[in-house]
Participant: 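Submitted below is the structure of interest, expressed as structure tokens.
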2 protein chains.
Amino acid sequence: MECKDATSVELSHALPPRVDDASAFLKGLANPHRLLILCALAQGERNVSTLITETGVAPASMSQHLSKLKDEGVVDFRRDHRTLTYFIAHPATIQIMAVLYDHFCARDEA
Amino acid sequence: MECKDATSVELSHALPPRVDDASAFLKGLANPHRLLILCALAQGERNVSTLITETGVAPASMSQHLSKLKDEGVVDFRRDHRTLTYFIAHPATIQIMAVLYDHFCARDEA
DNA sequence: ATGTCATATCATAAAAATATAAATTGAAAA
DNA sequence: TTTTCAATTTATATTTTTATGATATGACAT
């Protein structure tokens, strides 16, 4: 059996034991502000101040969102002098955003 | 510019106006029971009783989950005699589940 | 018309997610 | 060592999500 792509058979047999992890990961992305943050990070790494400016999300809220994204392994950060630089750490993130783009942006759909 | 796949440029420019819709769609999938339901539906259409048996989700809860999935356009149903047959209505759903499979099942990752 | 069965809806309670304001940390400049 | 600044943490209120039990709907068989 091929294992590179997911068929409906694999989805229904292999995914169920992992639905908790998978849904936790999806929950990490399933918020407008976090998607906005990830759109910014998709262009390249950003420090927190920049993310706050670019997205308009309030500082405390930003910290909480970044913390949640970090907990789920979606992003990671590095310390540069006294700023924290965040970046997308998980390849699945970009893949899922690509599906969203295809669905909501590439075609003109309500 | 190519439009078939999403680059980081497209993600950061095209997705932001649609983050509310995109995150609503993701929220539809971001629950263990709903993922379980979708895994069953990935094998083929199912009536509600079958879904209840296969997933172990309680009837009232099942109705609410199906209702939410329907609201987001993830699934749709058809009436057969006196049972309702649900099926996956959105192609993006399978694509996202395939990404989850790749990430959580194809590789052995914690 | 009555009963049965599949499914949905309602009402409610408990848990999780989110935003905001205030206080804290901690690295670096002065 | 005091100040400053970036970012986080804490506390709290609001909203959203979810599960459960009870009730309702609606198609079909009797």
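Throughout, a chain's letter reflects where its sequence line sits, starting with A, and its residues are numbered from 1. Everything numeric in this text was worked out from a predicted model, so none of it was measured.
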Participant: Check DNA chain C against residues 31-50 of chain B and give the residues with a non-hydrogen atom under 4.0 Å, in numerical order.
Facilitator: B:Asn47, B:Val48, B:Ser49
Participant: Mind listing the closest non-hydrogen atom pair of A:Leu41 and A:Ile88 along with its distance?
Facilitator: CB-CG1, 3.7 Å
Participant: Could you please spell out the steps behind the side chain to side chain contact (heavy atoms under 4.5 Å, CB included) verdict for A:Thr93 and A:Phe25?
Facilitator: CA-CA 9 Å; A:Thr93 305; A:Phe25 179 75; 3.9 Å; yes
Participant: Distance check needed: C:dT24 C1' versus A:Gln64 CD, whole Å only.
Facilitator: 15 Å
Participant: Mind checking salt bridge (Lys or Arg N to Asp or Glu O under 4.0 Å) for B:Glu54 and listing every partner two or more places apart, or none if nothing turns up?
Facilitator: B:Arg46
Participant: What is the 5' to 3' range of DNA chain D, first to last nucleotide, that sits under 4.0 Å from any heavy atom of chain B?
Facilitator: D:dT17 to D:dC28
Participant: For side chain to side chain contact (heavy atoms under 4.5 Å, CB included), just list the numbers for A:His103 and B:His90, CA-CA rounded to whole Å, side-chain angles, deciding distance to a tenth of an Å, and then say yes or no.
Facilitator: CA-CA 10 Å; A:His103 174 40; B:His90 212 299; 2.5 Å; yes
Participant: Enumerate, atom names and distances included, each donor-acceptor pair closer than 3.5 Å involving a side-chain atom of residues 57-70 of chain A, sequence neighbours excluded.
Facilitator:
from    : atom 1 : to      : atom 2 : distance (Å)
A:His65 : ND1    : A:Arg34 : NH1    : 2.9

Participant: When you measure from every atom of DNA chain C, which of residues 66-89 of chain B have a heavy atom less than 4.0 Å away?
Facilitator: B:Arg82, B:Thr83, B:Leu84, B:Tyr86
Participant: So do A:Val74 and A:Leu29 actually touch side chain to side chain, heavy atoms under 4.5 Å?
Facilitator: yes
Participant: First locate atom CD1 of A:Ile94, then atom CG of B:Leu11, and finally report the distance between them rounded to the nearest 0.5 Å.
Facilitator: 5.5 Å
Participant: Given B:Thr83 and B:Ser49, is the side chain to side chain contact (heavy atoms under 4.5 Å, CB included) satisfied, shown in steps?
Facilitator: CA-CA 8 Å; B:Thr83 73; B:Ser49 303; over 6 Å; no
Participant: Any base atoms under 4.0 Å from A:Pro59, or only sugar-phosphate, or nothing? Heavy atoms, all strands.
Facilitator: base
Participant: Quick one: side-chain hydrogen bond (donor to acceptor under 3.5 Å, both in side chains) partners of A:Thr85, sequence neighbours excluded?
Facilitator: A:Asp80
Participant: If I take atom NZ in residue A:Lys27 and atom P in nucleotide C:dT18, what distance separates them, rounded to the nearest angstrom?
Facilitator: 10 Å
Participant: Side chain to side chain contact (heavy atoms under 4.5 Å, CB included) between A:Val75 and A:Phe87: does it pass, once the steps are laid out?
Facilitator: CA-CA 6 Å; A:Val75 305; A:Phe87 50 89; over 6 Å; no
Participant: How many whole angstroms separate atom CD1 of B:Ile52 from atom P of C:dA6?
Facilitator: 10 Å
Participant: How long is the span from the CD atom in A:Gln95 to the CG atom in B:Leu100, to the nearest 0.5 Å?
Facilitator: 10.0 Å
Participant: On DNA chain C, does the nearest nucleotide to B:Ser63 precede the nearest nucleotide to A:Ala58 from the 5' side, or the other way round? Give the residue.
Facilitator: B:Ser63
